[in-house]
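Please read the structure below before turning to the comments.
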Number of protein chains: 2
Amino acid sequence: MLACSSPSGDGGIDNRFFAVVEYVRRQEVSDILYIMSDKRETPLSSPPLEGHHCTVDLRLEKLGLVPFFQQLAEEQLREVNKKFTASHYSKGETIYRQGDSSTMLRVVVAGNVKLVSHTLEGEGVLLDMLQPGDFFGNPTAGSQDVYNETAETQTPACILSIRLSDFREVMNRYSSVAMVVLDITTDRLNESRQRIQHLSTLPVTKRIAHILVTLAHKFGEEDRRGLLIQLPLSRKDLADMAGTSAETTSRVMSQFQEDDLITSGRQWVAIKDKPELLRISAES
Amino acid sequence: MLACSSPSGDGGIDNRFFAVVEYVRRQEVSDILYIMSDKRETPLSSPPLEGHHCTVDLRLEKLGLVPFFQQLAEEQLREVNKKFTASHYSKGETIYRQGDSSTMLRVVVAGNVKLVSHTLEGEGVLLDMLQPGDFFGNPTAGSQDVYNETAETQTPACILSIRLSDFREVMNRYSSVAMVVLDITTDRLNESRQRIQHLSTLPVTKRIAHILVTLAHKFGEEDRRGLLIQLPLSRKDLADMAGTSAETTSRVMSQFQEDDLITSGRQWVAIKDKPELLRISAES
DNA sequence: GCACTAACTTGATCCAGCTCATTTTAGTGC
DNA sequence: GCACTAAAATGAGCTGGATCAAGTTAGTGC
């Protein structure tokens with residue numbers, strides 16, 4: 001079995017042999033089978049989410065986990081829950097488009113959503129990658145009455161929506177909610193400003209190193225391969241975050257792989273040496 | 001008098017003659033004197049602000065003009081006012097430094113303040129330019145307990161400070177205040193994201209054109225020279241906003257001047273053709 | 001296990017904008 | 001009016017990263 005053809009020069013019999021020894025030691029049978037089968041498939045866990053899972057039961061449970069509702073009592077939460085409607089989206093669906101009139105505030109219950117801003121020429125900039133618990137859309141009633149970005153699911157997702165006017169009422173009633181929303185928005189502003197700084201002052205390599213560390217921190221899951229970023233993530237996605245081209249991103253990632261800092265395949269990345277990446281992103 | 005030596009080729013006798021005719025027609029004597037004297041000095045109006053002007057009287061008056069207190073009644077405002085302390089700063093003073101522990105929220109009463117973020121190597125990025133009525137410092141009690149930018153006066157300024165804990169109390173009591181702070185923060189986030197987009201996708205010329213239009217919109221004052229940006233603004237400042245070098249900014253500005261889109265001197269810029277600049281910043 | 005395709009890699013060329021160096025000038029203070 | 005200085009303009013050369021153009025390959029679906 002170990003002698004079966006290997007797809008390319010590296011990752012061949014030697015590497016696999018030692019990997020098996022390692023996993024025998026750790027008694028991780030499924031990993032051994034994986035290696036021996038020589039069958040590669042995406043290491044990203046498929047989302048444990050079907051359309052029918054995106055129901056009221058789940059909603060109430062999840063809503064309590066949303067940061068800005070954590071302060072609310074059971075009964076208040078039940079009240080607020082009534083204002084929400086749930087929708088299920090499959091992978092790659094558009095939730096709303098840049099320029100659409102902005103009447104709803106949304107919350108990710110399950111899955112991932114990316115916010116992308118497009119220029120007139122169609123170039124995309126990836127503004128944010130959202131997780132369960134994150135809200136999106138404008139929480140303001142003010143100057144912004146249209147979305148200035150497009151929201152698209154990166155995985156199948158369950159999304160709750162509340163009418164903006166209803167949400168503002170909730171914020172008025174429960175100041176703790178308004179406060180948490182403000183805190184989150186301030187954090188996002190600070191993040192966003194840091195990114196401006198990076199775009200203005202750092203070369204591409206450091207920007208990408210920093211993005212990888214940040215993503216690992218937010219979406220990382222320990223895995224045989226390292227800290228696996230649990231999210232479909234193409235070179236193009238990374239490029240759109242780093243403000244560079246897909247080709248340059250590919251070159252940088254190849255170098256990182258060369259230096260044994262990461263492992264990656266199609267649409268997935270695992271960090272093998274986070275401290276070193278962090279060092280690269282911050283060195284003078 | 002009109003025959004006196006002109007400092008350079010252009011702006012000589014002909015231009016001055018027609019300018020005088022124009023101003024005679026409009027009976028603007030001071031402008032005529034200005035032109036005839038051939039004495040150039042900064043067109044920026046010196047701030048009408050002395051240390052002793054930054055007093056309690058002014059405070060109460062100004063505080064009511066701050067967006068997030070506009071909803072408050074006279075009495076409530078008087079109450080809130082007690083929590084504030086006023087300080088006067090002269091031009092170029094540092095109000096707080098990046099990394100200082102963040103215990104105060106501040107409001108500009110008069111003058112201008114710039115927020116700058118510095119890299120380890122000392123490169124600066126100009127994050128925001130503030131006007132009377134703008135707040136700065138973190139309004140959150142959360143994850144951010146240090147400032148992540150440096151605040152420095154761009155003109156002499158009068159600044160009010162309130163302890164963060166006091167301000168959060170005010171926000172808890174008056175939800176309208178929390179709401180407006182949230183709206184402003186959301187607007188800033190959107191601005192900031194637009195800037196990320198520009199840094200990622202636009203060439204320097206367009207970025208600078210856009211910044212000039214934005215500044216004109218925020219700080220512009222009609223003037224003989226055009227829409228004068230009422231703010232000391234060096235090429236370096238502009239460069240730090242556009243994420244480019246002072247030299248490149250200078251070249252771009254020279255070109256704009258060549259094309260009769262702007263007039264500028266040391267630390268000041270006046271827009272002569274805003275529509276065209278806007279077109280440049282947005283053209284494909 | 002094989003075929004297929006979108007994602008990724010790699011190479012070669014080019015140029016916008018950076019850097020370093022020098023000159024010019026606007027605005028100020030005497 | 002003159003001298004002084006920091007800001008701005010300008011020149012010349014270089015390079016990081018974009019762009020265009022082929023290959024290669026991981027992962028999927030049959």
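When reading the values below, keep in mind they use all heavy atoms of this one structure, side chains included, and skip hydrogens, waters and symmetry mates. Order of the sequence lines fixes the chain letters, A, B, ..., with proteins taken first and strands second; residue numbering starts at 1 for each chain. These numbers were taken from a predicted model, which means no experiment stands behind them.
Look at C:dT5: its Watson-Crick or wobble partner, with both distances under 3.5 angstrom, is D:dA26.
One atom, CD of B:Q257, and another, C1' of C:dT25, lie 13 Å apart when rounded to the nearest Å. Separating the NZ atom of B:K91 from the P atom of C:dT28 is a distance of 9 Å, rounded to the nearest angstrom. When rounded to the nearest whole Å, the span between CZ of B:R251 and P of D:dA8 equals 15 Å. Atom C1' of nucleotide C:dT9 and atom CD1 of A:I262 are separated by 13 Å, given to the nearest angstrom. If you take CG of B:L199 and C1' of C:dA16, they are 15 Å apart, rounded to a whole angstrom. Atom NZ in B:K236 sits about 11 Å away from atom P in D:dA8, given to the nearest Å. To the nearest angstrom, C1' of D:dA26 lies 4 Å from CZ of A:R266. Taking atom CE of residue B:M253 and atom P of nucleotide D:dA7, one finds them 15 Å apart after rounding to whole Å.
Within 4.0 Å (heavy atoms only), B:S264 reaches no atom of the nucleic acid at all. Nucleic acid contact for B:S250: base, since at least one base atom lies under 4.0 Å from a heavy atom of the residue. Residue A:S234 is in sugar-phosphate contact alone, with no base atom involved, counting any heavy-atom pair closer than 4.0 Å across all strands shown. Residue contacts for A:S245: at a heavy-atom cut-off of 4.0 Å it reaches a base atom on one of the strands shown.
Phosphate proximity of D:dA26 to A:W268: absent, as no side-chain N or O sits under 4.0 Å from OP1 or OP2.
Rounded to the nearest 0.5 angstrom, A:R251 CZ and A:Q255 CD are separated by 12.0 Å.
Judged purely by distance below 3.5 Å, without hydrogens or angles, the side chains of A:Q98 and A:E149 never pair a donor atom with an acceptor atom. No side-chain donor from either of B:S245 and B:R235 sits under 3.5 Å from a side-chain acceptor of the other. A donor and an acceptor atom, one from each side chain of A:E93 and A:S90, are located under 3.5 Å apart.
In this structure, the side chains of A:R193 and B:R195 stay at 4.5 Å or more apart for every pair of heavy atoms.
Listed candidates were D:dA9, C:dG17, C:dC8. Nearest to the side chain of B:T244 is C:dG17. For A:V204, the listed nucleotide lying nearest its side chain is D:dG17; candidates were C:dG27, D:dG17, C:dG17.
Applying the 3.5 Å distance criterion, the base of C:dC8 shares no donor-acceptor pair with the side chain of A:E247. Between the side chain of B:R235 and the base of D:dA9, no donor-acceptor pair under 3.5 Å is found.
Both A:E123 and B:G265 lie near DNA chain D, and the one whose nearest nucleotide falls closer to the 5' end is B:G265.
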